[in-house]
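Residue numbers count from 1 along this sequence.
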Amino acid sequence: MQEPKQKSCCQNSNNEVQSCCSNTEQTTVSLNSNTSMAASAPTATQVEEKASCCSTEPDEPDPSALCCSSNSAEEPASNCYSTSTVKKRSSCCCSDSNESGTTDSCCFTVTSKEPVGSSCCSSSANESYSQDTSNSVGSETAVLFPPSNLVQYAVSGMDCGACAKTIEKSVSKMQGVQSVEVQFSTGKMKVASNDEDILREIPRTVSKLGYGAEQIHSRKDKDEVFLVEGMDCGACAKTIENHLRTIPEVERVEVNFSTGKMNITHSSNQETIIREVKKAGYTTALASKRNRQDEEPAKKSIDFGTLSVVLSGLLLAAGYGISFLNAPSIISTFLFAAGMLISGYKPVKSAYYAVKSRSLDMNVLMSVAAIGAAIIGEWLEGALVVWLFSLGAVLQIKSVNRTRNSIKELMDLAPPEAWVKRGNDVMQVPVEDVTLADIIVVRPGDRIPLDGEIVKGESSVNQASITGESIPVDKIVSDSVFAGTVNEHGTLEIQVTKLVEDTKIAQIIELVEEAQGKQAPTQAFIDKFAGIYTPIVFVVALLIMAAPPLLNLGTWGEWFYRGLELLVIACPCALVISTPIAIVSAIGNAAKNGVLIKGGTFLEKAGKIKAIAFDKTGTITEGKPKVTDIEVFVGNKMSLLHIARTLEAYSNHPIAKSIVNYAEEEQISVLTGENFQSIAGKGVRATIDGINYYAGNRKLFEELNVTDIPGVIEQLQEQAKTIVIIGNETEIVGVICVEDIIRTTTVKAIKQLEAVGMKEIVMLTGDNEKTAALMAEKSKVTRYFANLLPEDKVTSIKQLQQEGHQTAMVGDGINDAPALATADLGIAMGGAGTDTAIETADVVLMADNLEKLPFTMKLSKEALNIIKQNIWFSILIKVVALVLILPGWLTLWIAVLSDTGAALLVILNSLRLFRLK
């Protein structure tokens with residue numbers, strides 16, 4: 001009797017041939033999954049779901065036959081769809097255990113020496129579905145599948161990692177879902193699918209599980225972002241907002257003066273929005289359509305503004321000159337009127353739409369003043385008012401644009417095109433067209449276009465654009481590199497791990513833009529104050545025009561003129577602009593130096609900090625134990641290291657690894673050993689040349705009855721160093737001391753912090769009292785808290801706050817999250833290495849360099865000083881001008897000059913923050 005033919009892993013329950021790589025419930029990974037998913041082995045959920053697909057018996061899954069399993073236990077499983085480079089060829093995704101030597105070829109990674117393009121999951125009857133491939137030859141490639149639409153959801157209601165797994169498993173079973181990843185730490189879920197109906201159904205599915213899910217719309221999904229030119233203070237932004245809100249098709253609009261951007265949700269077309277903004281007197285262009293080749297199309301408007309100022313200035317000068325001749329006065333009046341029309345067209349137009357949208361901005365005030373001057377026959381005064389106002393506006397716009405250059409410079413860091421391997425060719429393609437797992441080639445001296453991992457080549461990479469550190473970092477295979485950084489020498493082949501919109505530089509740009517757009521407490525207060533102050537002064541000006549003449553205290557013309565002066569003085573432009581320009585300048589400068597400050601609120605807080613608490617491990621210290629001392633009692637140093645490396649070679653303990661690394665640096669080879677044994681809590685043992693050697697703590701050798709323990713060991717232990725004793729059953733050969741050493745920049749940074757006025761510099765550590773005291777002495781901190789559990793760090797922060805100190809916490813952004821949240825200011829180290837640090841902290845030091853911290857504090861204090869200077873200067877100018885109005889010593893054109901001059905001085909004062917080092 002013939003044995004029943006085993007069902008192929010690519011047949012369904014009805015014995016119909018199907019692809020194990022199809023979008024069924026077994027498929028949980030896709031090309032568009034993120035790198036961490038692409039490189040990881042199948043999860044428990046995936047193993048459970050794929051068992052029936054890839055095992056010889058449905059009820060007895062064979063682990064070796066799992067989809068995408070690896071031949072080597074040391075090699076993580078390759079993703080079915082990824083093109084991640086692997087060192088060993090992974091096993092067949094759908095092997096048939098009953099036919100030796102034959103395998104199905106679904107999802108396995110092939111090398112460049114082997115043909116690419118086998119059939120995917122052929123059945124036992126040798127039927128197959130052909131899978132075309134178009135991968136590049138070089139390095140290692142994999143069978144690719146059509147890219148999917150990757151959508152993010154915000155998930156609420158999760159209280160542990162198990163919740164995330166439950167949601168992940170349920171969503172992955174939905175027909176058409178190619179991949180799903182739920183991150184409990186961030187509360188986000190990423191789903192890859194080409195089926196829009198499925199993506200809309202996901203929130204309902206998650207809701208049935210007792211959780212909430214809401215799709216996170218990117219700006220391109222929900223909003224359109226426009227860049228607006230011509231705004232010279234926050235009132236202009238309000239005018240545009242108010243005008244656009246009168247349009248029925250506009251659902252939501254937000255104009256940010258600081259960044260010059262407008263976010264708008266609407267059902268109209270882009271041309272209509274551009275036309276409506278133009279009506280209000282400003283120019284705009286869709287941000288997404290701006291590129292490096294056609295940068296700043298709206299610059300034409302600035303050139304027109306400059307030309308109008310120049311032309312009206314010439315007419316004004318000509319009219320003034322003619323007034324001294326015997327020519328009819330009508331000629332001078334005509335020239336003054338022409339100058340007013342040319343330079344006043346834009347402000348009057350903007351004023352019209354401001355009034356129409358029920359807002360009083362400076363355009364309204366200046367327009368009323370100019371028209372009023374013309375009515376009473378003061379044509380020279382009116383023309384001079386308009387010309388000075390237009391000149392000030394042009395200069396202000398140019399100056400404000402300088403504060404936004406930090407973002408534009410960051411955008412230009414990453415090249416717009418990349419050299420990508422396509423088959424045997426290398427071609428230049430736009431970075432937007434590069435997909436995950438593509439191999440890009442970066443030549444010496446070129447900027448790296450996308451984040452990725454080096455698969456071939458070695459070089460030094462200048463990461464100053466990301467971390468602010470000008471010293472290049474050596475990079476080898478498997479090291480990560482970032483878009484916008486410079487390849488100093490040596491050609492690199494890099495596998496792309498992030499798309500252009502997800503790169504570190506894109507993340508930084510988005511963060512800085514958001515930070516510059518957030519109002520600081522001072523700015524929020526001034527904006528509210530200006531909103532009340534301007535209408536009140538406007539009413540007072542009207543009363544001054546009407547009340548004194550009615551009371552026979554002067555002529556109508558005299559008091560009308562003084563009322564116009566008050567209207568000009570009422571303009572709060574300099575006051576309103578005093579804070580946002582300083583905030584934008586400071587945050588932009590910080591970003592260029594590798595420090596991300598998440599908004600004006602945190603910039604202000606940093607300037608008020610009086611105590612800083614540092615986590616010890618990884619912040620004050622390097623976080624990696626290193627060999628510091630070696631004492632030899634028998635033989636020499638070389639023989640001791642030979643034995644130590646042999647004993648520690650098979651251990652994964654950090655201390656063991658530090659000894660092995662040190663031995664490798666000293667070019668110490670491994671001896672032949674046998675009978676390796678780990679002694680829990682004490683050390684390790686191995687037989688070398690017939691002698692049993694041990695590496696461990698003092699307790700281990702005391703149990704071996706080794707009584708002759710040198711006194712130097714006692715002395716080393718008193719120095720709070722970790723001691724590894726090397727010896728045999730009769731004697732101690734030597735001792736190796738391992739210590740987590742202080743960062744080279746720590747002591748210098750702490751001295752600089754004291755110099756900028758820090759009162760308390762505190763170290764938080766879980767070490768014992770003795771070790772903590774020694775580390776505190778070495779690092780020069782003023783205080784320390786020892787024997788701390790993670791929750792105890794929160795208590796320490798609260799203690800400092802109760803002592804009356806505004807307190808900052810510096811940590812790695814992951815383990816120290818509770819303390820970072822409790823502190824008045826949370827500062828994370830090493831944002832270039834982890835997205836979590838960027839998400840959790842208020843301030844992020846992109847490099848592991850504490851010397852950036854004194855710079856941040858100094859920048860914050862200087863920003864606060866400049867903001868105060870701007871505010872008091874703006875108020876003083878107003879007070880002086882108001883005092884000069886009463887005796888009639890102030891003229892209308894001097895009032896305009898004082899207002900625009902004050903605004904320009906405030907901007908120039910704020911720009912000083914760019915030069916701070």
- request: Any chance you could measure Leu845, atom CG, to Asn593, atom CG, to the nearest 0.5 Å?
  value: 11.5 Å
task: Could you tell me the separation between the OG1 atom of Thr621 and the CE atom of Met775, rounded to the nearest 0.5 Å?
output: 5.5 Å
Pairwise distance OH(Tyr693) to CD1(Ile643) - rounded to 0.5 angstrom: 4.0 Å
query: Which distance, rounded to the nearest 0.5 Å, do you find between the CG of Leu825 and the CE of Met809?
result: 12.0 Å
statement: Residues at least two apart in sequence or cross-chain that pass side-chain contact (heavy atoms from CB on, under 4.5 Å) with Lys751, listed by chain then number, are Val747
message: Which heavy atom of Ala819 sits nearest to which heavy atom of Lys793, and what is that distance?
response: CB-CB, 4.1 Å
- line: Minimal heavy-atom distance between Cys737 and Leu716, with the atoms involved, is SG-CD1, 3.3 Å
Sequence-distant partners of Ala776, side-chain contact (heavy atoms from CB on, under 4.5 Å), two or more places apart: Met763, Val781, Tyr784
message: To check you understand the geometry: which heavy-atom pair defines the closest contact between Met829 and Leu850, and what is its length?
response: SD-CD2, 3.5 Å
- request: Looking only at non-hydrogen atoms, find the nearest pair between Ile581 and Ser910 and report the distance.
  value: CG2-CB, 3.4 Å
Heavy-atom closest contact (Glu769 atom, Asn787 atom, distance): N-ND2, 3.9 Å
statement: By side-chain contact (heavy atoms from CB on, under 4.5 Å), Ser874 pairs with (sequence neighbours left out) Ala574, Leu575, Val906
- request: Output the distance between atom OG1 (Thr765) and atom CG (Asp792), rounded to the nearest 0.5 Å.
  value: 11.5 Å
